Amino acid sequence: MANQLLYGFVQLKDLANRRVTEVGVQVVNDAINAAVAEHNRQMDTILALFAERTTQFKERFTSPVVARLQPLDENGRARPIKPFGVYDVAYPLQDAGTAWGATYKAREKMSVQEANDITATLISADIRWMRDHILAALFANVDWTFNDPMHGALTIHGLANGDAIKYVIQAGADDGLVDDHYLGQAAGVADATNPFPTIYSELVEHPENSGEVLSFIPTNIKSDVQSLTTFYPTRDPNITAGSGVSELTGSLGVALPSGPASLLGYDASGVWIAEWKTLPDNRIVSLTTGGARPLKMREDETESLRGFKKVAERNDHPFYESQYLRSAGFGGNNRVGAVVTEISDSSYDVPTGYESPMP
Amino acid sequence: MADISLVTANKVEIVESFEQMTLPTAEAVNPGQAARLDASTGKFTKGNDSSATEEGIYGIATGGVANVAGQPVTAVRHGVLDGYDLSGLDYWDPVYLSSTDGALADAPGDYSDVIIGRVIPGTSTTLGTAYDKLLLVDIPLRGA
């Protein structure tokens with residue numbers, strides 16, 4: 001972590017080895033606050049692909065309805081129709097925090113670099129918590145109950161899981177049907193068992209979804225995916241391809257959040273493929289870049305309780321603590337807006353450690 | 001009964017302290033050792049589970065360096081400490097005062113059962129990693 005400075009600490013680069021008390025406690029506090037604010041802004045980028053923000057605890061998701069003109073004659077008039085379908089969705093609100101503490105002497109001796117490094121650790125703890133909760137919400141193929149202290153028992157959905165809710169499916173027909181976006185295939189990834197055509201179909205058959213189809217793959221299947229004859233890697237600027245070699249010329253059109261994922265290439269079935277190193281083995285998470293997001297992130301109605309922020313100092317000389325808090329929760333929104341595929345298992349299972357509720 | 005060792009010799013860190021006292025020592029009382037009050041000097045000295053007098057400990061010494069007799073040490077009576085090798089114990093298992101002078105143990109000592117604390121989890125670990133094990137210290141009022 002040494003020699004890497006967070007956003008708020010860049011202007012203190014030349015003072016990294018100086019003590020906080022020399023540079024000024026308020027100056028360093030301002031740097032910490034700026035770093036945390038930039039972290040919250042970057043979290044918006046990560047969230048933009050997966051979740052929309054809300055302060056609602058429960059909503060009705062409006063989905064398209066299969067409507068067609070009614071046949072009429074000279075005397076006829078159409079009857080009013082329901083312009084959209086609805087299904088109920090709800091979101092949890094969970095608290096989590098972290099803290100760092102030091103004795104009076106340790107604080108007096110702390111350098112700007114050390115303050116930067118501590119802040120980076122706290123921010124990384126928040127990134128992990130958010131990542132784990134986003135993934136748990138996507139992996140949840142069984143509804144679970146969140147007991148909200150204000151609003152009572154809330155049923156939290158994941159993606160479409162074969163329950164009674166019907167979705168418009170435009171695949172050979174144009175009808176409302178039940179659907180299941182938790183898939184499993186017994187075989188590994190290979191040309192004969194390429195999961196991406198199915199993933200593509202499952203997402204684009206729903207009018208709620210639009211844009212490009214993007215799949216995040218775990219590292220353990222990366223080489224198998226790259227070995228598909230239908231896979232085209234992103235261009236390497238250091239290499240010029242020879243004649244007769246097909247090259248990927250298109251682009252994804254959206255920026256991937258820096259850190260979690262790196263774009264690998266494109267499968268000819270129409271799926272962009274990115275590696276997400278911290279995805280659990282054998283789980284592919286896919287979504288579209290347009291349309292309603294598969295999840296919503298609920299935050300508190302009170303603005304001061306949103307985001308990741310320092311909320312308190314807890315001082316009991318010689319011990320001094322800074323407490324940080326995040327209040328948020330994730331639940332299904334557009335329940336056909338993503339697909340989770342388990343490889344090497346014909347029956348989908350929630351990955352170990354990602355059971356809901358996620359702590 | 002097995003004495004509980006430290007992960008790093010002479011290093012016990014305070015995670016939380018609700019009640020503590022800092023006194024010079026009548027004999028070396030190193031971090032991690034049980035400390036009682038010397039009746040005549042009012043300084044810390046080591047305690048153990050061998051008699052009513054010896055088992056009347058105040059708290060557990062903390063710090064990062066070995067103590068020298070006469071130098072002060074802070075003993076925590078009620079709080080959370082980090083630095084013991086608790087890998088052989090389960091969460092909420094009791095930790096006892098040992099018959100060995102100054103030591104803590106995983107089973108009662110020779111004189112009586114003095115539970116000085118219990119194993120609790122530290123939850124700041126990544127998904128799939130077992131929680132850390134910390135020592136919740138809550139010393140009962142004992143002694144002659």
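Everything numeric in this text was worked out from a predicted model, so none of it was measured. To find a chain, count down the sequence lines: A is the first, B the second, and so on, and within it residues start at 1.
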Heavy-atom neighbours of [X] [atom1] exceed 12 at 6.0 Å:
X	atom1	answer
B:K11	NZ	no
A:Y104	OH	no
A:Y7	OH	no
B:F18	CZ	yes

>> Taking side-chain hydrogen bond (donor to acceptor under 3.5 Å, both in side chains) as the definition, give me every residue that meets it alongside B:E54, ordered by chain and number, with sequence neighbours left out.
In response: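 Checked B:E54 against side-chain hydrogen bond (donor to acceptor under 3.5 Å, both in side chains); matches are B:R36, B:N48.
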>> Using 0.5 Å steps for rounding, measure from the CD atom of B:Q20 to the CG atom of A:D316.
In response: 7.5 Å
> Can you tell me how far CD of A:E321 sits from CD of B:E16, rounded to the nearest 0.5 angstrom?
Replying inline: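 The CD atom of A:E321 is 6.0 Å from CD of B:E16, to the nearest 0.5 Å.
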> Considering heavy atoms only, which positions within residues 99-130 of chain B lie below 4.5 Å of chain A?
Replying inline: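 Listed by number, the contacting residues are B:T126, B:L127.
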> Tell me, side chain or backbone of B:E13 under 4.5 Å from chain A's heavy atoms, or both, or neither?
Replying inline: neither
